[in-house]
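First comes the structure, then the notes that go with it.
No hydrogens, no waters, no symmetry mates; every other heavy atom, side chains included, goes into these values. Quantities reported herein were computed from a predicted structural model and do not represent experimental measurements. Here is how names work: the chains are called A, B, and so on, in the same order as the sequence lines, proteins then strands, and each is numbered from 1.
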Protein chains: 2
Amino acid sequence: MHMKTGVEQSVYAILLLNMLPDKAVLPGEAISQQLGVSATYFQKLLRKLVSADLIASVPGIKGGFKLKKRIEEIRIYDVYLAIEGQQTLYSSSGILCDMLELREEDRCCLLSDLMEEAENAWKSVLKKKTVADLAEEMKAERFAGKLESLKAWVQDTMVI
Amino acid sequence: MHMKTGVEQSVYAILLLNMLPDKAVLPGEAISQQLGVSATYFQKLLRKLVSADLIASVPGIKGGFKLKKRIEEIRIYDVYLAIEGQQTLYSSSGILCDMLELREEDRCCLLSDLMEEAENAWKSVLKKKTVADLAEEMKAERFAGKLESLKAWVQDTMVI
DNA sequence: ATAACATGGATATTGTTTATCCGCTTTATA
DNA sequence: TATAAAGCGGATAAACAATATCCATGTTAT
């Protein structure tokens, strides 16, 4: 039971895209190179972010990706949902139904309600924080110098 | 990202063991047969419950498993922990460290704190409920008849 | 027309979970 | 004291999910 690495990668990709000036885009390959992850696979994840309407894609030469929403409007939960999908953390395998010889419709799993509550508690924390909050944290002094290099890289790499 | 099926199986196994009179045990094979799961694999899970001190095992002929703690003292969280282990739901892959060229020791993952908080929120729900609470819910009328059959099966199958 | 990009499907690789097998120890009982 | 039935632990296989690659296609600036 472990969160996919794509969630972390996506959050940082979004932070990169946020450094773009208006109208500019960043090619998928450049992003994955900066993140240090598999380019071909990360393209698949970028697709999921597009489907979730978090980022937009521009095809053709001078194409790439850019934000579709402002980072203030992108919760960590939204990124999680885009990458991991709707699947719940727990789903009953119906053991109790089988043991008690009840029909599935009777919803006889004793754990479902609790697990749902737990998952909601978990999600609600992810809903509290936006990518903008993280961008704010990234302004800390200890990052300052390196952050400038990163912004410079974006300026160099973006296409307009 | 999905919880192992062993957690649900273990909870119901514990509920079965709770139907045993003092001194009696239930062989692992009988338990897995009742649950309708793979016997050889479920033995491994039973071992984890033993290691976690939730149940006790008795070797030799007339051996088997019985509860070590009262179900009032077994939280769903304890079962989860026994089966899934200490591994956290999220762990940083250090992407930001790499991008900003910082050392790992600088703990520069922006998500870690949030994810830890979310996981704690999740766990705290699992800590609120004990297996005894579920045993109580199982007394509902709609289960009544079948529950008696189950208890009868335990009486028939247990060894003393 | 061409080159650089995203798209989507098919497929391979890797890792984790689930499942099996076997040789071992333990213990009640014949 | 031999035996049978149980748990124990290590090695290994099978099934599944996550990660990664490849390729044919569509789009667009030059």
Side-chain angles (χ1 to χ4, degrees), chain A residues 1-10 13 17 23-33 35-52 55-66 68 80 83-85 87-91 93 95 157-160, chain B residues 1-10 13 17 20 23-33 35-52 55-66 68 80 82-85 87-91 93 95 157-160:
Chain A
M1 192 181 190
H2 199 270
M3 184 178 287
K4 296 186 193 170
T5 63
V7 177
E8 181 180 4
Q9 295 164 2
S10 299
L17 294 180
K23 307 279 181 186
V25 300
L26 215 41
E29 183 154 355
I31 301 174
S32 42
Q33 204 166 339
L35 295 177
V37 304
S38 149
T40 54
Y41 181 56
F42 194 63
Q43 288 275 356
K44 307 285 187 190
L45 300 183
L46 286 169
R47 288 295 310 135
K48 294 190 177 190
L49 299 179
V50 171
S51 298
I55 69 178
S57 65
V58 178
I61 198 171
K62 288 210 170 188
F65 298 89
K66 62 184 173 186
K68 182 144 181 197
Y80 159 78
I83 299 299
E84 297 258 352
Q87 189 191 31
T88 58
L89 298 190
Y90 171 84
S91 58
S93 50
I95 292 179
T157 315
M158 70 186 190
V159 294
I160 217 160
Chain B
M1 192 181 188
H2 200 270
M3 184 178 289
K4 295 185 193 170
T5 64
V7 176
E8 181 181 4
Q9 295 165 2
S10 298
L17 293 180
L20 287 173
K23 306 280 182 186
V25 300
L26 215 41
E29 184 152 356
I31 301 173
S32 41
Q33 205 167 337
L35 295 177
V37 304
S38 148
T40 53
Y41 180 56
F42 194 64
Q43 288 275 353
K44 307 285 187 189
L45 300 183
L46 286 168
R47 287 295 309 136
K48 292 189 178 190
L49 299 179
V50 171
S51 298
I55 69 178
S57 65
V58 178
I61 199 172
K62 291 211 170 187
F65 298 89
K66 61 184 172 184
K68 182 144 182 196
Y80 158 78
I83 299 298
E84 297 258 351
Q87 188 191 29
T88 57
L89 298 190
Y90 171 83
S91 58
S93 51
I95 291 179
T157 315
M158 68 185 190
V159 294
I160 216 160

How many whole angstroms separate atom [atom1] of [X] from atom [atom2] of [N]?
X	N	atom1	atom2	value
M158(A)	dA29(D)	CE	P	17 Å
K23(B)	dA28(C)	NZ	C1'	16 Å
K48(A)	dT19(D)	NZ	C1'	11 Å
I83(B)	dT18(C)	CD1	C1'	13 Å
L49(B)	dG7(D)	CG	C1'	14 Å
I160(B)	dA28(C)	CD1	C1'	14 Å

Output all residues satisfying side chain to side chain donor-acceptor pair (under 3.5 Å) with Y90(A), sequence neighbours left out; order by chain, then residue number.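 Partners of Y90(A) under the side chain to side chain donor-acceptor pair (under 3.5 Å) test: E8(B).
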Using the test side chain to side chain donor-acceptor pair (under 3.5 Å), find all partners of K68(B) that sit at least two apart in sequence or belong to another chain.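 With sequence neighbours excluded, K68(B) shows a side chain to side chain donor-acceptor pair (under 3.5 Å) to D53(B), given in chain and number order.
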Pick base, sugar-phosphate or nothing for T40(A), based on heavy-atom distances below 4.0 Å to the nucleic acid.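 Base, at least one base heavy atom under 4.0 Å.
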Where the side chain of E84(B) meets the backbone of K4(B), is there a donor-acceptor pair that is under 3.5 Å apart?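 Yes; judged by distance alone, with no hydrogens or angles, the pair exists.
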Between the base of dG10(D) and the side chain of K44(B), is there any donor-acceptor pair under 3.5 Å?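 Pair found.
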Less than 3.5 Å apart, any donor N or O on the side chain of H2(A) or T88(B) sitting next to an acceptor on the other?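 No, T88(B) and H2(A) have no side-chain donor paired with an acceptor closer than 3.5 Å.
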CD1 on I31(B) to CD on Q9(B), rounded to 0.5 Å: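 Those atoms lie 12.0 Å apart.
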Which residues pass the ring-ring contact (aromatic ring centres under 6.0 Å, His included) test with Y80(A), not counting sequence neighbours?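 Listed in chain order: W122(A).
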Which heavy atom in V159(A) sits nearest to a heavy atom in G63(A), and how many Å separate them?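 Looks like CG2-O, 3.8 Å.
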Flag the pair K66(A) / I55(A) as yes when at least one side-chain heavy-atom distance between them is below 4.5 Å, and no otherwise.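 Not touching, per the 4.5 Å side-chain cut-off.
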Below 3.5 Å is the cut-off: list the nitrogen or oxygen pairs between protein and nucleotides 15-18 of chain D, distance only.
residue : atom : partner : partner atom : Å
dA18(D) : OP1  : M1(B)   : N            : 3.4

Once salt bridge (charged side-chain N to carboxylate O under 4.0 Å, His left out) is applied, do any residues pair with K44(B), and if so which ones, sequence neighbours excluded?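 Residues passing salt bridge (charged side-chain N to carboxylate O under 4.0 Å, His left out) with K44(B): none at all.
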Polar atom pairs (N or O), protein with nucleotides 1-6 of chain C, under 3.5 Å:
residue : atom : partner : partner atom : Å
dA4(C)  : N3   : I61(A)  : N            : 3.2
dC5(C)  : O2   : G60(A)  : N            : 3.2
dA6(C)  : OP1  : G28(A)  : N            : 2.5
dA6(C)  : OP2  : Q43(A)  : NE2          : 3.2
dA6(C)  : O3'  : S57(A)  : OG           : 3.2

